[in-house]
Amino acid sequence: MSNSYTIHDLPQAERPRERLLKHGSEALSSAELIAIILGNGTRGTSVLQLAQQLLSSFGGLEKLVDATLSELCQVKGIGKAKGLQLQSVFGICKRIKTVTPQEKPTIDSPWHVYNLLKDTIALAKQEHFIVIMQDTRGCMIHQEVVAIGTLTETLVHPREVFYPAIRNKAASILVAHNHPSGDPEPSLEDIEITEKLCEAGLLMDIPLMDHLIIVPTRFVSLRQRGLKCFLKK
């Protein structure tokens, strides 16, 4: 019989893991997040109580993350294994803070999109449909392949395009795909999906800025072609 109190000893609605799954890390207190790292408490002390004792002993999270292993182990219930777990997580957090963020490329012309993607998808033997997500300044924050098709076609649905845009809090998007045939002229299907994405973007307030069809030596921009859906406000 175990003498430690685990997260599962808490009422289900109060379990940090379940709350993390349901609400995300933003909804959890620092003590709850630490409790998830620790996993279990000690005899007579729940894991959440142990996490709260840690924070109290060091006067808050800021000082806790700088604690030495010896200092952590002075807290009743924190042995070497738990102390190393905490130090590992805190160490990763410190590294993330010190990483110099790469400059986000600004995309303000179809040529920027073409140069960004030509080496990635232009020579692919299957169609790859890519979403480029932008912030409010037009800087790229993320790009993602949302569909890979057959030799001649790819099928994509607006929900597949806008799901990563919502997840990454994009202010606007651009999309692009390649034509393995080497001919960048848009098909009727290309025009139809562009119009659907334009309409979905208007509804979701995440506008579609352009749709490029890319082959190794050139591209077609449907915005430059004057597709009517890009003229809608």
Side-chain angles (χ1 to χ4, degrees), residues 1-105 116 119-120 128 130-137 139-148 159-160 162-171 173:
M1 181 175 176
S2 174
N3 290 326
S4 62
Y5 282 58
T6 70
I7 285 173
H8 294 290
D9 294 312
L10 296 170
Q12 186 160 354
E14 298 177 16
R15 294 177 188 172
R17 289 175 184 169
E18 279 71 11
R19 283 173 35 75
L20 180 64
L21 282 170
K22 187 174 182 179
H23 303 292
S25 60
E26 295 84 358
L28 272 67
S29 67
S30 296
E32 288 175 310
L33 292 172
I34 291 169
I36 292 173
I37 298 170
L38 295 175
N40 60 275
T42 61
R43 185 174 184 177
T45 304
S46 74
V47 64
L48 190 54
Q49 290 172 328
L50 181 57
Q52 290 167 336
Q53 287 174 13
L54 266 171
L55 287 168
S56 177
S57 297
F58 289 94
L61 188 61
E62 186 175 352
K63 291 184 179 179
L64 175 61
V65 298
D66 289 325
T68 65
L69 180 60
S70 175
E71 289 172 336
L72 289 170
C73 291
Q74 290 177 20
V75 177
K76 185 177 181 181
I78 302 297
K80 186 175 181 180
K82 281 186 170 62
L84 289 172
Q85 284 175 235
L86 290 167
Q87 283 206 312
S88 296
V89 174
F90 296 155
I92 290 173
C93 294
K94 290 177 183 178
R95 290 188 184 186
I96 292 172
K97 287 180 67 176
T98 59
V99 170
T100 302
Q102 294 183 345
E103 186 176 348
K104 298 175 183 178
L116 183 68
D119 294 333
T120 305
H128 287 58
I130 293 184
V131 182
I132 296 175
M133 287 145 266
Q134 298 175 285
D135 62 18
T136 54
R137 298 175 299 163
C139 295
M140 186 184 79
I141 54 177
H142 183 59
Q143 63 170 297
E144 188 168 321
V145 177
V146 294
I148 299 177
R159 64 173 170 265
E160 297 165 336
F162 283 97
Y163 175 71
I166 295 170
R167 190 179 68 234
N168 288 280
K169 298 179 173 63
I173 63 169

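These numbers come from a predicted model, not from an experiment. Just so you know, residue 1 is the first one in the sequence shown, and it goes up from there.
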Hey, could you give me the CG/OG distance between Leu48 and Ser29, rounded to the nearest 0.5 Å?
-> 6.5 Å
Short question: side chain of Asn168, backbone of Ala170 - any donor-acceptor pair under 3.5 Å?
-> no
Where do Leu116 and Met140 land on the side-chain contact (heavy atoms from CB on, under 4.5 Å) test, with the steps shown first?
-> CA-CA 11 Å; Leu116 183 68; Met140 186 184 79; 3.5 Å; yes
Please report the C-alpha distance between Leu84 and Leu72 in whole Å, then the side-chain angles of each, then the deciding distance to 0.1 Å, and finally whether the side-chain contact (heavy atoms from CB on, under 4.5 Å) criterion is met.
-> CA-CA 9 Å; Leu84 289 172; Leu72 289 170; over 6 Å; no
Between Ile173 and Ala165 the two heavy atoms that sit nearest each other are CG2-CB, 3.7 Å
Distance, nearest 0.5 Å, that separates CD of Gln52 from OG of Ser46 | 7.0 Å
If you round to the nearest 0.5 Å, how far is CG of Leu55 from CG of Leu50?
-> 10.0 Å
Evaluate the side-chain contact (heavy atoms from CB on, under 4.5 Å) criterion for residues Asn40 and Lys82: first the C-alpha distance (whole Å), next the side-chain angles of each, then the deciding distance (0.1 Å), finally the verdict.
-> CA-CA 10 Å; Asn40 60 275; Lys82 281 186 170 62; 3.2 Å; yes
Search all heavy atoms of Ala35 against all heavy atoms of Ala51 and return the closest pair with its distance.
-> N-CB, 3.8 Å
Quick one: which of Leu69, Val65, Ile92 gives a side-chain contact (heavy atoms from CB on, under 4.5 Å) with Gln87?
-> Leu69
What one should report as the nearest heavy-atom pair of Val47 and Gly41 is CB-N, 3.5 Å
Which heavy atom in Ile37 sits nearest to a heavy atom in Gln85, and how many Å separate them?
-> O-NE2, 2.7 Å
Check side chain to side chain donor-acceptor pair (under 3.5 Å) between Ser57 and all other residues, then give those that pass, not counting sequence neighbours.
-> none
Any chance you could lay out the side-chain contact (heavy atoms from CB on, under 4.5 Å) test for Thr120 and Val145, step after step, and finish with the verdict?
-> CA-CA 10 Å; Thr120 305; Val145 177; 5.9 Å; no
Do Thr42 and Lys76 come close enough that some side-chain heavy atom pair is under 4.5 Å?
-> no
Hey, does Val75 have a side-chain heavy atom less than 4.5 Å from the side chain of Phe58?
-> yes
Check whether any side-chain heavy atom of Val89 lies under 4.5 Å from a side-chain heavy atom of Ile34, and answer yes or no.
-> no
Glu71 and Asp66: which non-hydrogen atoms are nearest, and at how many Å?
-> OE1-O, 4.5 Å
On a heavy-atom basis, the closest approach of Pro164 and Val146 is CG-CG1, 4.0 Å
